[in-house]
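What follows is a set of notes on a single structure, which appears directly below.
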Amino acid sequence: MDAIGLTFVDWLIILIYFGFVLGIGFYLKKYTRNDEDFFLAGRKNSSWVAGLAFLSANLGALELLGMTGNTFKYGMYVAHFYWIGAIPAMIFLAIYMMPFYYSSRIKSVPGYLKLRFDEKTRVLNAIAFAIMTVLVSGINLYAMALVLHTFLGWNWDVSMWVSAATVAVYVTLSGLMSAIFTEIIQFFLIWFGLFLVTVLGIIEIGSLNEIFSRVPEAFSKLWSTSANPQDNGMLVTWGGIVLGLGFVLSFGYWTTDFLVVQRAFSARDMRSARMTPIIASFFKMALPFIVIIGGLIALVLSKDATSGFALLTDGDRVNYDSALPMLIARYYPTGLVGLGVTALLAGFMAGQAGNISAFNTVWTYDIYQSVIKKNASSSHLLWMGRVATIGGILISIVTAYWAKSMPTIMDYMQAIFSWVNAPLFATMLLGMFVRWITPNGAFWGLLAGMGSSFTLFLAVKFGWIERSLITLSDVSSDMAANFWRAWWAWLICFVVTIVVSLFTSKKPEKELVGLVKGLTEETLEKPVPLLRKPEFWAVISTVIFVILNIYFW
Amino acid sequence: MSTETKSMKSIWYFVGLMLLSIGGLIFLAGIYLLLSGTEMSTVLANLHPNIWWGGIMIIVGVIFLLTNKYVNQK
């Protein structure tokens, strides 16, 4: 891989960014006085701050390099991750689930499991989440190091340690508060730093229509080629997309993953908490204008021999994740290169800081305080949160070395999500909406769902069973297998939870008030004008989502 | 929260500061390249994207700064 030279101005921009995020960490430290400040940013954020942070926490390697690279590989189908794979779940979280989360004043998602079910279900989920989070954090770290290595020619190990140390410093100093502050800054840097790539790509090729006309038809449609897996780039049917991605993976991630939900918990009131995912949904729908169009621009240019554009290769293997960095190198002159590199770094740091701030919260409240030191004081929890941050970063570094050997980032991420989030969504859905689900039903259902997903992953990987048994098709990709594995894990958890609940004892209904639909007061908010109602903006978001799917059908 | 938190600057102020400082650098770099006649090897360099994109960042940054200069996050 060739390093791209940076000028003094580019270096200065990168240094300004690092100075800003570290400076914010130090600035906010004096306002971080107790555990609630550190883990929940004092519960005082507006819906806009929480909403942009909600989205930015998800803007890691997955969103930028991985998605642009996957668009190059799979085509327009990757847009499903932004639309059906996100928007319905975000709206569902805002309208139906947030009232239970927020009104119970829990500090984490496993905390809800403790109230609704019991301690063992909480600890099981907390351990699984903690493991998943540091694994994902490691992926982000790997992607950060890749960018630094690709653009600056830095040593892989040094760049990874420098990036990790920066995140460690500002999260250790002021926890979620600094993570959210820097996530908002990162949100603007990503848009200003990467949107211009798409603009210049469209100008060079001619128009958006010209881009779509120069990619294979299977790469430019969302649904019309989904009946037969051989007709689309991702080798998946509409059933896999709807059940696996649109339902299980999407709802599992956006409604139960504490990494994103934690941002909504930091909102100052119920209305702001419910508006958090709705505001994020509008920007989520817009992100394909950077990553999907960027990936298609890279594809068009690489097929044009006169363009001189090519992805990086590592031996015989094409590095799909280099699509976005190579476009930046193509279009951005002095100054803008620094901005582009900073935007990528910002994206990775947002994802990593988000994972680490979620990890330190779950570790401290749901494992350490729950199992090890039940009577810990606020100042002791604050100290433990800081220790957990450093520990989480160190584990992430180990994970990053493992991630380096995986062919693409995205496939690996989905494999992890289907282990943990998919069955958890079944547990949460049943827990919030069915009052007779029992603590033992939830625990054994969750264990069965997680175990089956992990077993299926190993069974396919080591050839114990044919992949077609999972995907219900002779033709499929790794991505399709991930979608279907998530669906089976969800279904197994759902069925086992119900069956075990039929034969085990329920919690008294008086202990479930505020946690389960039907036992909870429905009028939780004061009357507000139409334009301030979450339901109104949820409808607007849904309408835009439907229009986009029809337009790109 | 303690009374000290009342003086905490709004996040939007920091956003403005960041956009203004980075946008300003990009804009000035673009102006320098234009005036010095330096040959640029990037595609579409003739459009001078650093000048107009840096300018847009400055404008947005100034708006954020001015509208949040005296706003504190409670």
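Letters go in sequence order (proteins before strands), and every chain restarts at 1. Keep in mind the model is a prediction, meaning the values are calculated, not measured.
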TODO: Test A/F283 against every option in A/F54, A/F195, A/F187 by the ring-ring contact (aromatic ring centres under 6.0 Å, His included) rule and name the one that passes.
DONE: A/F187
Task: B/L17 versus chain A, the contacting section by heavy-atom distance below 4.5 Å - done: both
Task: B/L25 portion near chain A, given a 4.5 angstrom heavy-atom threshold - done: both
Task: Geometric cation-pi criterion A/R105 and A/Y102, 6.0 Å radius, 45° cone - done: yes
- [ ] Name the option with the most non-hydrogen atom pairs under 4.5 Å to chain A; the candidates are B/I26, B/V43, B/V60.
- [x] B/V43
TODO: Sort out for me which of A/D10, A/L196, A/L339 touches chain B most, counting heavy-atom pairs under 4.5 Å.
DONE: A/L196
TODO: Go through B/L47, B/L44, B/I56 and name the one with the most non-hydrogen pairs under 4.5 angstrom from chain A.
DONE: B/L44
Task: Toward chain B, the part of A/L301 with a non-hydrogen atom under 4.5 Å - done: neither
- [ ] Please look at A/Y331 and chain B and tell me whether the side chain, the backbone, both or neither of the residue comes under 4.5 angstrom of a heavy atom of that chain.
- [x] both
- [ ] Mark yes when over 12 heavy atoms from residues, nucleotides or ligands other than A/F289 sit less than 6.0 Å from its CZ; otherwise mark no.
- [x] no
Task: Contact winner vs chain B - A/G335, A/P333, A/S307, heavy-atom pairs under 4.5 Å - done: A/P333
TODO: Using a 4.5 Å cut-off on heavy atoms from C-beta on, say whether the side chain of B/F27 contacts that of B/M57.
DONE: no
Task: B/Y13 six-ring face occupied by B/K9 cation (under 6.0 Å, within 45°) - done: yes
Open item on the list: Could you check, using the six-membered ring where one of them is a Trp, whether A/Y27 and A/F181 have ring centers closer than 6.0 angstrom?
Closed with: no
Task: A/F8 versus chain B, the contacting section by heavy-atom distance below 4.5 Å - done: neither
Open item on the list: So which residue, A/I24, A/L200, A/I16, ends up with the most heavy-atom pairs under 4.5 Å with chain B?
Closed with: A/L200
Open item on the list: If you apply the rule side-chain hydrogen bond (donor to acceptor under 3.5 Å, both in side chains), what do you find for A/D37 with A/T32, and how did you get there?
Closed with: CA-CA 5 Å; A/D37 288 341; A/T32 310; over 6 Å; no
